[in-house]
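See structure below.
Letters A, B, ... mirror the listed sequences (proteins, then strands); counts begin at 1. Heavy-atom basis, side chains included; hydrogens, waters and symmetry copies ignored.
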There are 2 protein chains.
Amino acid sequence: MQFSTKERILGAAEMLFAQHGFAGASLRQVTSAAKVNLAAVNYHFGSKENLINEVFRRRLDELNARRLSTLRAAQTEANPRLEDILAAFIKPALALSLDRNGGGAFVRVLARAYAEHNESLRKFLSDNYGHVLKEFAAAFAALLPTLDKQELYWRLDIVSGALTYAMADFGVIKRRGAVSEQAHCELAAEHLIKFASAGLRER
Amino acid sequence: MQFSTKERILGAAEMLFAQHGFAGASLRQVTSAAKVNLAAVNYHFGSKENLINEVFRRRLDELNARRLSTLRAAQTEANPRLEDILAAFIKPALALSLDRNGGGAFVRVLARAYAEHNESLRKFLSDNYGHVLKEFAAAFAALLPTLDKQELYWRLDIVSGALTYAMADFGVIKRRGAVSEQAHCELAAEHLIKFASAGLRER
DNA sequence: GTCTATATAAGGATAGAC
DNA sequence: GTCTATCCTTATATAGAC
(Lines give C-alpha, C1' and ligand atoms only; values in the text may rest on other atoms or scores of the structure.)
Protein backbone atom coordinates (compact mmCIF):
# COMPACT_ATOMS: atom_id res chain seq x y z
CA MET A 1 0.00 0.00 0.00
CA GLN A 2 1.19 3.47 -0.82
CA PHE A 3 -0.46 5.21 2.13
CA SER A 4 -0.53 4.13 5.73
CA THR A 5 -3.78 3.36 7.48
CA LYS A 6 -3.52 6.63 9.38
CA GLU A 7 -3.06 8.69 6.22
CA ARG A 8 -5.89 6.93 4.44
CA ILE A 9 -8.20 7.67 7.35
CA LEU A 10 -7.21 11.35 7.34
CA GLY A 11 -7.82 11.61 3.61
CA ALA A 12 -11.18 9.91 3.72
CA ALA A 13 -12.27 11.90 6.77
CA GLU A 14 -11.36 15.16 5.07
CA MET A 15 -13.37 14.25 2.00
CA LEU A 16 -16.41 13.12 3.95
CA PHE A 17 -16.32 16.03 6.40
CA ALA A 18 -16.33 18.35 3.40
CA GLN A 19 -19.28 16.52 1.94
CA HIS A 20 -21.45 15.88 4.98
CA GLY A 21 -20.05 17.95 7.81
CA PHE A 22 -18.49 16.77 11.04
CA ALA A 23 -21.69 15.48 12.57
CA GLY A 24 -23.03 14.23 9.26
CA ALA A 25 -20.10 12.01 8.33
CA SER A 26 -19.98 8.83 10.35
CA LEU A 27 -16.89 6.86 11.26
CA ARG A 28 -18.42 3.98 9.37
CA GLN A 29 -18.43 6.01 6.19
CA VAL A 30 -14.89 7.16 6.87
CA THR A 31 -13.42 3.76 7.51
CA SER A 32 -15.32 2.27 4.62
CA ALA A 33 -14.01 4.93 2.21
CA ALA A 34 -10.50 4.53 3.59
CA LYS A 35 -10.80 0.76 3.25
CA VAL A 36 -9.74 0.17 6.81
CA ASN A 37 -11.51 -1.43 9.70
CA LEU A 38 -13.98 0.53 11.77
CA ALA A 39 -11.93 0.04 14.91
CA ALA A 40 -8.84 1.61 13.32
CA VAL A 41 -10.10 5.14 13.99
CA ASN A 42 -10.17 4.70 17.70
CA TYR A 43 -6.87 2.87 17.64
CA HIS A 44 -5.04 5.64 15.76
CA PHE A 45 -6.87 8.78 16.89
CA GLY A 46 -8.65 7.88 20.12
CA SER A 47 -11.91 9.59 19.20
CA LYS A 48 -13.79 11.27 16.40
CA GLU A 49 -13.10 14.71 17.87
CA ASN A 50 -9.36 14.20 17.85
CA LEU A 51 -9.54 12.93 14.29
CA ILE A 52 -11.14 16.26 13.33
CA ASN A 53 -8.28 18.19 14.94
CA GLU A 54 -5.67 16.16 13.09
CA VAL A 55 -7.43 16.81 9.78
CA PHE A 56 -6.88 20.53 10.39
CA ARG A 57 -3.33 20.34 11.58
CA ARG A 58 -2.25 18.35 8.55
CA ARG A 59 -2.95 21.26 6.15
CA LEU A 60 -2.77 24.48 8.11
CA ASP A 61 0.84 24.20 9.19
CA GLU A 62 2.00 24.16 5.63
CA LEU A 63 -0.45 26.83 4.40
CA ASN A 64 0.64 29.38 6.96
CA ALA A 65 4.31 28.59 6.51
CA ARG A 66 3.90 29.37 2.82
CA ARG A 67 2.05 32.56 3.51
CA LEU A 68 4.74 33.78 5.85
CA SER A 69 7.66 32.89 3.60
CA THR A 70 5.99 34.61 0.65
CA LEU A 71 5.22 37.64 2.80
CA ARG A 72 8.78 37.89 4.02
CA ALA A 73 10.14 37.50 0.51
CA ALA A 74 7.90 40.37 -0.61
CA GLN A 75 9.07 42.51 2.27
CA THR A 76 12.73 42.22 1.31
CA GLU A 77 11.94 43.97 -1.99
CA ALA A 78 12.90 47.59 -2.26
CA ASN A 79 9.34 48.81 -2.78
CA PRO A 80 6.83 46.13 -1.88
CA ARG A 81 3.42 46.79 -3.41
CA LEU A 82 0.12 46.35 -1.63
CA GLU A 83 -0.76 43.78 -4.27
CA ASP A 84 2.27 41.67 -3.33
CA ILE A 85 1.25 41.49 0.32
CA LEU A 86 -2.29 40.60 -0.69
CA ALA A 87 -0.96 37.91 -3.02
CA ALA A 88 1.08 36.40 -0.20
CA PHE A 89 -2.08 36.14 1.85
CA ILE A 90 -4.48 35.04 -0.85
CA LYS A 91 -2.60 32.89 -3.32
CA PRO A 92 -1.37 30.13 -1.01
CA ALA A 93 -4.90 29.80 0.34
CA LEU A 94 -6.48 29.46 -3.07
CA ALA A 95 -3.65 27.23 -4.25
CA LEU A 96 -4.46 24.85 -1.43
CA SER A 97 -7.61 23.91 -3.28
CA LEU A 98 -5.44 22.61 -6.11
CA ASP A 99 -3.39 20.27 -3.95
CA ARG A 100 -3.58 16.73 -5.06
CA ASN A 101 -5.01 14.31 -2.53
CA GLY A 102 -7.84 16.38 -1.23
CA GLY A 103 -6.81 20.01 -0.88
CA GLY A 104 -10.08 20.96 -2.53
CA ALA A 105 -11.97 19.02 0.09
CA PHE A 106 -10.02 20.65 2.87
CA VAL A 107 -10.97 24.20 1.95
CA ARG A 108 -14.59 23.19 2.22
CA VAL A 109 -13.90 21.62 5.59
CA LEU A 110 -12.38 24.93 6.60
CA ALA A 111 -15.47 26.82 5.46
CA ARG A 112 -17.64 24.48 7.47
CA ALA A 113 -15.47 25.06 10.47
CA TYR A 114 -16.03 28.80 10.16
CA ALA A 115 -19.76 28.29 9.90
CA GLU A 116 -19.69 26.02 12.93
CA HIS A 117 -18.81 29.03 15.04
CA ASN A 118 -17.15 26.56 17.35
CA GLU A 119 -15.40 28.36 20.17
CA SER A 120 -12.83 25.64 20.84
CA LEU A 121 -11.97 25.61 17.16
CA ARG A 122 -11.64 29.41 17.04
CA LYS A 123 -9.28 29.15 19.96
CA PHE A 124 -7.30 26.44 18.22
CA LEU A 125 -6.95 28.55 15.07
CA SER A 126 -6.18 31.71 16.99
CA ASP A 127 -3.61 30.02 19.23
CA ASN A 128 -1.83 28.24 16.42
CA TYR A 129 -2.07 30.69 13.55
CA GLY A 130 -2.94 34.07 15.06
CA HIS A 131 0.63 35.29 14.72
CA VAL A 132 0.33 34.96 10.95
CA LEU A 133 -2.58 37.40 10.82
CA LYS A 134 -0.69 39.79 13.09
CA GLU A 135 2.31 39.78 10.79
CA PHE A 136 0.15 40.50 7.76
CA ALA A 137 -1.69 43.29 9.56
CA ALA A 138 1.64 44.92 10.36
CA ALA A 139 2.73 44.64 6.73
CA PHE A 140 -0.48 46.26 5.50
CA ALA A 141 -0.23 48.99 8.11
CA ALA A 142 3.28 49.84 6.92
CA LEU A 143 2.02 50.32 3.36
CA LEU A 144 -1.09 52.25 4.40
CA PRO A 145 0.33 54.62 7.03
CA THR A 146 -2.56 57.10 6.85
CA LEU A 147 -5.19 54.45 7.52
CA ASP A 148 -6.62 54.27 11.02
CA LYS A 149 -5.83 50.96 12.78
CA GLN A 150 -9.42 50.12 13.56
CA GLU A 151 -10.36 50.94 9.98
CA LEU A 152 -7.62 48.62 8.72
CA TYR A 153 -8.91 45.73 10.83
CA TRP A 154 -12.40 46.19 9.45
CA ARG A 155 -11.10 46.07 5.91
CA LEU A 156 -8.87 43.04 6.50
CA ASP A 157 -11.90 41.30 7.95
CA ILE A 158 -13.78 41.99 4.73
CA VAL A 159 -10.91 40.59 2.68
CA SER A 160 -10.83 37.45 4.84
CA GLY A 161 -14.53 36.99 4.31
CA ALA A 162 -14.33 37.26 0.56
CA LEU A 163 -11.34 34.92 0.54
CA THR A 164 -13.03 32.29 2.68
CA TYR A 165 -16.04 32.41 0.41
CA ALA A 166 -13.89 32.16 -2.71
CA MET A 167 -11.86 29.28 -1.29
CA ALA A 168 -14.93 27.22 -0.65
CA ASP A 169 -16.22 27.99 -4.13
CA PHE A 170 -19.55 29.14 -2.72
CA GLY A 171 -20.06 31.59 -5.48
CA VAL A 172 -22.32 31.74 -8.45
CA ILE A 173 -19.51 32.26 -10.93
CA LYS A 174 -19.90 29.49 -13.44
CA ARG A 175 -16.74 28.09 -14.86
CA ARG A 176 -16.83 27.92 -18.61
CA GLY A 177 -16.44 24.36 -19.74
CA ALA A 178 -12.91 24.86 -20.93
CA VAL A 179 -11.63 26.58 -17.79
CA SER A 180 -9.52 24.26 -15.68
CA GLU A 181 -9.58 24.20 -11.91
CA GLN A 182 -6.17 25.83 -11.89
CA ALA A 183 -7.17 28.62 -14.27
CA HIS A 184 -10.33 29.31 -12.26
CA CYS A 185 -8.25 29.55 -9.13
CA GLU A 186 -5.79 31.99 -10.68
CA LEU A 187 -8.63 34.13 -12.01
CA ALA A 188 -10.23 34.21 -8.58
CA ALA A 189 -6.93 35.28 -7.02
CA GLU A 190 -6.44 38.06 -9.56
CA HIS A 191 -9.93 39.43 -9.08
CA LEU A 192 -9.71 39.27 -5.33
CA ILE A 193 -6.34 41.02 -5.24
CA LYS A 194 -7.52 43.78 -7.55
CA PHE A 195 -10.78 44.31 -5.70
CA ALA A 196 -9.16 44.19 -2.28
CA SER A 197 -6.36 46.59 -3.13
CA ALA A 198 -8.91 49.14 -4.30
CA GLY A 199 -10.93 48.65 -1.13
CA LEU A 200 -7.90 48.92 1.13
CA ARG A 201 -6.62 52.08 -0.57
CA GLU A 202 -9.99 53.85 -0.43
CA ARG A 203 -9.81 56.95 1.70
CA MET B 1 -49.42 30.32 25.00
CA GLN B 2 -48.28 33.17 22.82
CA PHE B 3 -46.81 31.07 20.00
CA SER B 4 -48.28 28.09 18.26
CA THR B 5 -46.64 24.71 18.39
CA LYS B 6 -45.53 25.12 14.80
CA GLU B 7 -43.91 28.48 15.45
CA ARG B 8 -42.18 27.25 18.57
CA ILE B 9 -40.73 24.33 16.65
CA LEU B 10 -39.46 26.65 13.90
CA GLY B 11 -37.84 28.96 16.43
CA ALA B 12 -36.17 26.17 18.37
CA ALA B 13 -35.00 24.45 15.19
CA GLU B 14 -33.45 27.67 13.90
CA MET B 15 -31.56 28.19 17.12
CA LEU B 16 -30.31 24.62 17.33
CA PHE B 17 -29.40 24.38 13.64
CA ALA B 18 -27.33 27.53 14.10
CA GLN B 19 -25.64 26.00 17.11
CA HIS B 20 -25.06 22.41 16.03
CA GLY B 21 -25.78 22.21 12.33
CA PHE B 22 -28.51 20.35 10.53
CA ALA B 23 -27.13 16.90 11.18
CA GLY B 24 -25.87 17.81 14.64
CA ALA B 25 -29.19 19.02 16.04
CA SER B 26 -31.57 16.18 16.78
CA LEU B 27 -35.33 16.38 16.67
CA ARG B 28 -35.31 15.42 20.31
CA GLN B 29 -33.28 18.52 21.15
CA VAL B 30 -35.59 20.62 19.00
CA THR B 31 -38.84 19.41 20.51
CA SER B 32 -37.39 19.58 23.99
CA ALA B 33 -36.31 23.22 23.51
CA ALA B 34 -39.67 24.07 21.94
CA LYS B 35 -41.43 22.34 24.82
CA VAL B 36 -43.53 20.26 22.49
CA ASN B 37 -43.82 16.54 22.02
CA LEU B 38 -41.36 14.69 19.82
CA ALA B 39 -44.09 13.48 17.52
CA ALA B 40 -45.20 17.04 16.80
CA VAL B 41 -42.41 17.54 14.26
CA ASN B 42 -43.62 14.77 12.05
CA TYR B 43 -47.18 15.83 12.52
CA HIS B 44 -46.58 19.44 11.47
CA PHE B 45 -43.70 19.12 9.03
CA GLY B 46 -43.62 15.53 7.87
CA SER B 47 -39.86 15.12 8.15
CA LYS B 48 -36.69 16.74 9.40
CA GLU B 49 -35.73 17.73 5.87
CA ASN B 50 -38.95 19.62 5.31
CA LEU B 51 -38.57 21.34 8.66
CA ILE B 52 -35.21 22.65 7.45
CA ASN B 53 -36.81 24.09 4.31
CA GLU B 54 -39.49 25.87 6.31
CA VAL B 55 -36.87 27.43 8.57
CA PHE B 56 -35.42 29.08 5.46
CA ARG B 57 -38.65 30.18 3.89
CA ARG B 58 -39.78 31.91 7.06
CA ARG B 59 -36.99 34.51 6.83
CA LEU B 60 -35.90 34.75 3.22
CA ASP B 61 -39.20 35.87 1.77
CA GLU B 62 -39.18 38.98 3.88
CA LEU B 63 -35.46 39.68 3.44
CA ASN B 64 -35.62 39.65 -0.32
CA ALA B 65 -38.83 41.64 -0.43
CA ARG B 66 -37.10 44.34 1.61
CA ARG B 67 -34.06 44.28 -0.63
CA LEU B 68 -36.15 44.69 -3.74
CA SER B 69 -38.35 47.47 -2.39
CA THR B 70 -35.28 49.39 -1.20
CA LEU B 71 -33.60 48.84 -4.56
CA ARG B 72 -36.62 50.08 -6.48
CA ALA B 73 -36.95 53.10 -4.23
CA ALA B 74 -33.29 53.95 -4.92
CA GLN B 75 -33.81 53.55 -8.64
CA THR B 76 -36.60 56.12 -8.75
CA GLU B 77 -34.14 58.77 -7.59
CA ALA B 78 -32.81 61.14 -10.22
CA ASN B 79 -29.19 60.08 -9.79
CA PRO B 80 -28.94 56.84 -7.86
CA ARG B 81 -25.48 56.33 -6.41
CA LEU B 82 -23.59 53.06 -6.40
CA GLU B 83 -23.59 53.26 -2.62
CA ASP B 84 -27.39 53.32 -2.57
CA ILE B 85 -27.68 50.13 -4.58
CA LEU B 86 -25.10 48.46 -2.35
CA ALA B 87 -26.99 49.61 0.72
CA ALA B 88 -30.20 48.09 -0.63
CA PHE B 89 -28.40 44.77 -0.96
CA ILE B 90 -26.37 44.83 2.22
CA LYS B 91 -28.38 46.63 4.89
CA PRO B 92 -31.49 44.42 4.97
CA ALA B 93 -29.24 41.38 5.23
CA LEU B 94 -27.25 42.73 8.15
CA ALA B 95 -30.40 44.08 9.76
CA LEU B 96 -31.80 40.57 9.74
CA SER B 97 -29.35 39.66 12.45
CA LEU B 98 -31.02 42.24 14.69
CA ASP B 99 -34.50 40.79 14.34
CA ARG B 100 -36.02 39.85 17.60
CA ASN B 101 -36.87 36.17 17.98
CA GLY B 102 -33.82 34.63 16.45
CA GLY B 103 -32.73 36.63 13.41
CA GLY B 104 -29.20 36.35 14.72
CA ALA B 105 -29.48 32.60 14.78
CA PHE B 106 -30.86 32.52 11.28
CA VAL B 107 -27.90 34.27 9.68
CA ARG B 108 -25.70 31.58 11.15
CA VAL B 109 -27.99 28.93 9.75
CA LEU B 110 -27.62 30.64 6.40
CA ALA B 111 -23.85 30.55 6.67
CA ARG B 112 -23.99 26.87 7.47
CA ALA B 113 -26.18 26.31 4.48
CA TYR B 114 -23.58 27.92 2.25
CA ALA B 115 -20.86 25.77 3.75
CA GLU B 116 -22.99 22.67 3.28
CA HIS B 117 -22.55 23.02 -0.45
CA ASN B 118 -25.85 21.22 -0.68
CA GLU B 119 -27.03 21.05 -4.27
CA SER B 120 -30.72 20.78 -3.50
CA LEU B 121 -30.46 23.79 -1.22
CA ARG B 122 -28.59 25.81 -3.84
CA LYS B 123 -31.36 24.99 -6.24
CA PHE B 124 -33.97 26.05 -3.71
CA LEU B 125 -32.23 29.39 -3.17
CA SER B 126 -31.62 29.91 -6.85
CA ASP B 127 -35.18 29.01 -7.84
CA ASN B 128 -36.82 31.14 -5.18
CA TYR B 129 -34.52 34.12 -4.91
CA GLY B 130 -32.37 34.11 -8.05
CA HIS B 131 -34.43 36.90 -9.62
CA VAL B 132 -33.38 39.21 -6.81
CA LEU B 133 -29.71 38.79 -7.66
CA LYS B 134 -30.49 39.34 -11.33
CA GLU B 135 -32.26 42.60 -10.61
CA PHE B 136 -29.34 43.85 -8.54
CA ALA B 137 -26.83 42.82 -11.18
CA ALA B 138 -28.78 44.86 -13.74
CA ALA B 139 -28.83 47.87 -11.43
CA PHE B 140 -25.07 47.69 -10.91
CA ALA B 141 -24.47 47.23 -14.63
CA ALA B 142 -26.44 50.40 -15.36
CA LEU B 143 -24.22 52.40 -13.01
CA LEU B 144 -20.98 50.84 -14.24
CA PRO B 145 -21.50 50.86 -18.01
CA THR B 146 -17.80 50.52 -18.86
CA LEU B 147 -17.37 47.39 -16.75
CA ASP B 148 -17.27 44.05 -18.57
CA LYS B 149 -20.19 41.76 -17.64
CA GLN B 150 -18.01 38.85 -16.58
CA GLU B 151 -15.88 41.21 -14.54
CA LEU B 152 -19.00 42.56 -12.82
CA TYR B 153 -20.11 39.05 -11.84
CA TRP B 154 -16.73 38.30 -10.32
CA ARG B 155 -16.90 41.44 -8.25
CA LEU B 156 -20.47 40.87 -7.09
CA ASP B 157 -19.41 37.41 -6.04
CA ILE B 158 -16.69 38.95 -3.89
CA VAL B 159 -19.20 41.33 -2.31
CA SER B 160 -21.55 38.43 -1.56
CA GLY B 161 -18.72 36.55 0.08
CA ALA B 162 -17.74 39.42 2.32
CA LEU B 163 -21.40 40.01 3.19
CA THR B 164 -22.07 36.38 4.05
CA TYR B 165 -19.03 36.36 6.28
CA ALA B 166 -20.03 39.62 7.95
CA MET B 167 -23.59 38.42 8.50
CA ALA B 168 -22.45 35.35 10.32
CA ASP B 169 -20.08 37.44 12.42
CA PHE B 170 -17.18 35.16 11.63
CA GLY B 171 -14.72 37.94 11.84
CA VAL B 172 -12.03 38.87 14.27
CA ILE B 173 -13.31 42.40 14.85
CA LYS B 174 -13.89 42.68 18.55
CA ARG B 175 -16.80 44.78 19.61
CA ARG B 176 -15.81 47.29 22.22
CA GLY B 177 -17.76 46.69 25.36
CA ALA B 178 -19.99 49.68 24.87
CA VAL B 179 -20.89 48.96 21.25
CA SER B 180 -24.39 47.58 20.91
CA GLU B 181 -25.37 44.88 18.50
CA GLN B 182 -27.17 47.46 16.42
CA ALA B 183 -24.24 49.86 16.31
CA HIS B 184 -21.89 47.03 15.34
CA CYS B 185 -24.23 46.07 12.55
CA GLU B 186 -24.42 49.62 11.20
CA LEU B 187 -20.65 49.97 11.34
CA ALA B 188 -20.25 46.71 9.44
CA ALA B 189 -22.68 47.91 6.78
CA GLU B 190 -20.86 51.22 6.38
CA HIS B 191 -17.47 49.59 6.03
CA LEU B 192 -18.74 47.00 3.61
CA ILE B 193 -20.45 49.59 1.42
CA LYS B 194 -17.38 51.81 1.32
CA PHE B 195 -15.02 48.94 0.61
CA ALA B 196 -17.27 47.39 -2.01
CA SER B 197 -17.95 50.62 -3.87
CA ALA B 198 -14.20 51.20 -4.21
CA GLY B 199 -13.71 47.64 -5.43
CA LEU B 200 -16.56 47.85 -7.91
CA ARG B 201 -15.39 51.16 -9.35
CA GLU B 202 -11.79 50.02 -9.78
CA ARG B 203 -10.75 50.00 -13.44
C1' DG C 1 -1.80 -3.37 13.98
C1' DT C 2 -5.84 -5.37 12.22
C1' DC C 3 -9.85 -8.09 12.53
C1' DT C 4 -14.88 -9.79 14.22
C1' DA C 5 -18.30 -9.25 17.28
C1' DT C 6 -20.87 -6.69 20.32
C1' DA C 7 -22.10 -3.36 24.04
C1' DT C 8 -24.56 0.76 24.52
C1' DA C 9 -26.60 4.91 23.16
C1' DA C 10 -29.06 7.99 20.10
C1' DG C 11 -31.21 8.93 15.99
C1' DG C 12 -35.74 9.53 12.82
C1' DA C 13 -40.10 7.96 12.19
C1' DT C 14 -44.73 5.90 13.29
C1' DA C 15 -48.81 3.54 15.52
C1' DG C 16 -52.54 4.14 18.19
C1' DA C 17 -54.85 6.00 22.54
C1' DC C 18 -56.91 10.18 24.05
C1' DG D 1 -53.59 18.31 17.84
C1' DT D 2 -51.07 16.08 21.40
C1' DC D 3 -49.56 12.27 24.03
C1' DT D 4 -46.91 7.56 25.20
C1' DA D 5 -44.64 3.80 23.69
C1' DT D 6 -41.99 1.54 20.46
C1' DC D 7 -39.86 0.07 15.92
C1' DC D 8 -35.91 0.15 13.27
C1' DT D 9 -31.71 2.06 11.86
C1' DT D 10 -27.41 3.97 12.66
C1' DA D 11 -24.02 5.72 15.59
C1' DT D 12 -19.60 5.64 18.68
C1' DA D 13 -16.84 2.94 21.24
C1' DT D 14 -14.68 -1.21 23.07
C1' DA D 15 -13.42 -6.16 24.11
C1' DG D 16 -10.79 -9.76 22.84
C1' DA D 17 -8.99 -13.17 19.18
C1' DC D 18 -5.32 -13.38 15.89
query = Quick one, which residues of residues 30-46 of chain B touch DNA chain D with a heavy atom under 4.0 Å?
reply = B/Asn37, B/Ala39, B/Tyr43, B/His44
Between the side chain of [X] and the main-chain N/O of [Y], is any donor-acceptor distance below 3.5 Å?
X: B/Glu62; Y: B/Arg59; value: no
X: B/Asn64; Y: B/Tyr129; value: no
X: B/Arg67; Y: B/Ala88; value: no
X: A/Arg28; Y: A/Leu38; value: no

key: Between P of C/dA9 and CZ of B/Arg28, the distance in whole Å   = 14 Å
message = Using whole Å, what does the distance between atom C1' of nucleotide C/dT14 and atom CG of B/Leu27 come to?
response = 13 Å
ask   = Any side-chain donor paired with an acceptor under 3.5 Å for A/Ser32 and A/Gln29?
value = no
ask   = Between which nucleotides of DNA chain D, 5' to 3', does chain B make heavy-atom contacts below 4.0 Å?
value = D/dG1 to D/dT4
task = Please say whether more than 12 non-hydrogen atoms of neighbouring residues, nucleotides or ligands are located less than 6.0 Å from CZ in B/Arg66.
result = no
query = How far apart are the C-alpha atoms of B/Arg201 and B/Glu83, what are their side-chain angles, what is the distance that settles it, and do they pass the salt bridge (Lys or Arg N to Asp or Glu O under 4.0 Å) test?
reply = CA-CA 11 Å; B/Arg201 286 199 181 99; B/Glu83 282 81 355; 3.1 Å; yes
Whether B/Phe56 and B/Phe106 hold their rings parallel, tilted or perpendicular, with breakpoints at 30° and 60° = perpendicular
ask   = Hey, is the side chain of B/Ser26 poking within less than 4.0 Å of OP1 or OP2 on C/dG11, counting only N and O atoms?
value = yes
